[in-house]
Amino acid sequence: MEAIAVMTSGGDSPGMNAAARAVVRTALYEGVNVYGIHNGYKGMIKGDIQKLDSRSVSDLIQRGGTFLGTARSKEFQTPEGRQKAFNNLKEHNIDGLVIIGGDGSLRGGAAMSMEFGIPIVGLPGTIDNDVWGTDYTIGADTAANTILEAINKLRDTASAHRRIIAVEVMGRKSGWLAMTTGIAGGAEYILVPEVKFDLDEMCHELRESYDRGKRYSIIVVAEGACDAIGLGTVVEEKTGIDTRVSVLGYIQRGGSPTVEDRMKASMIGEKAALALLSGVTNKVYGFDSGKVVAIDLFDAVNNKKTLDPELVRLARVLA
Ligand code: F6P
């Protein structure tokens with residue numbers, strides 16, 4: 001291979017920079033040219049492609065976001081869009097591609113691999129931690145720590161006022177962020193899309209616990225579980241307890257990556273580049289029980305990751 005390219009796609013996540021940096025520096029170390037594609041598949045279609053050197057990725061490892069920029073592209077979902085994108089890669093003599101992104105972005109890579117036979121290696125980059133085959137995705141740890149910090153603060157004010165606070169966290173259709181931060185933050189209730197919940201029962205229990213003297217309660221709500229604002233109104237009506245809602249929003253997607261995100265992103269970034277250079281294709285590099293694993297790209301995009309039932313059980317026991 002003479003040149004490879006790296007891009008970030010979909011929602012940004014802290015540690016994407018560390019991963020891209022590792023890909024770039026590994027390729028250069030191996031004597032191979034590296035290009036950066038700006039703004040995901042949108043940039044690939046436009047030909048927004050730039051040669052990178054070692055300096056291009058300095059002063060980045062500590063930064064959230066992605067220096068390459070990212071986007072969600074409707075045009076890439078069409079065969080014409082993908083053809084344009086592929087033509088631009090050929091124009092730069094790019095022989096292989098590392099895609100850092102969530103399942104939608106990896107699905108785009110699978111389509112390119114099938115249609116054009118271009119070697120593709122993926123890195124799971126999303127705060128949602130919802131990519132099949134890996135128990136780790138780049139950015140989820142940082143996002144979880146940001147959420148946890150917010151929950152700690154919300155506990156102070158909830159306790160001061162004897163309120164219920166419902167905090168909505170991201171995750172799209174996955175409850176991993178809510179479940180993990182709910183357990184770590186000591187939430188009384190954790191509502192996730194994967195598990196049915198009984199609103200009446202929850203409100204009844206909340207009322208009873210207040211009557212027994214409880215000062216406050218925290219409900220962590222995954223955005224995919226229900227509308228947190230609406231939930232807050234119903235909970236207040238049904239319990240008669242002052243209830244507030246805090247929607248964390250994009251705060252949880254930014255910020256300097258944690259040690260875990262920097263280390264793991266660097267480790268799988270190097271592996272992805274080395275794999276691509278040695279002729280490997282259609283793999284996603286992730287972690288399973290602390291060890292780096294290579295997952296088949298098509299398996300990763302065709303299977304749905306489920307929420308660990310052990311976490312669901314633990315949340316019930318500890319609430
Ligand atoms: O996939 C990451 C994520 O932050 C989800 O948790 C959220 O639902 C979504 O992206 C928001 O996407 P956008 O930034 O495109 O609105």
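Positions are given from 1, in the same order as the sequence printed here. For ligands, and for the atoms within them, numbers begin at 1 and follow the listed sequence.
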Would S256 and R262 satisfy side chain to side chain donor-acceptor pair (under 3.5 Å), going step by step from the backbone distance to the final call? CA-CA 9 Å; S256 182; R262 294 184 200 194; 2.9 Å; yes
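- By the ring-ring contact (aromatic ring centres under 6.0 Å, His included) test, Y285 pairs with no residue at all, sequence neighbours left out.
- Each of R72, T126, I127, D128, M170, G171, R172, E223, Y250, R253 has a non-hydrogen atom positioned under 4.0 Å from some atom of ligand 1.
- A donor-acceptor pair shorter than 3.5 Å can be found between the side chains of K305 and N129.
- Sorted by first then second residue, the ring pair (Phe, Tyr, Trp, His ring centres under 6.0 Å) pairs that include residues 84-140, not counting sequence neighbours, are Y35-H92, F86-F116, Y136-F287.
- Note on residues 211-267: no pairs pass ring pair (Phe, Tyr, Trp, His ring centres under 6.0 Å), not counting sequence neighbours.
- D12 and T70 share no donor-acceptor pair across their side chains, judged by distance under 3.5 Å alone.
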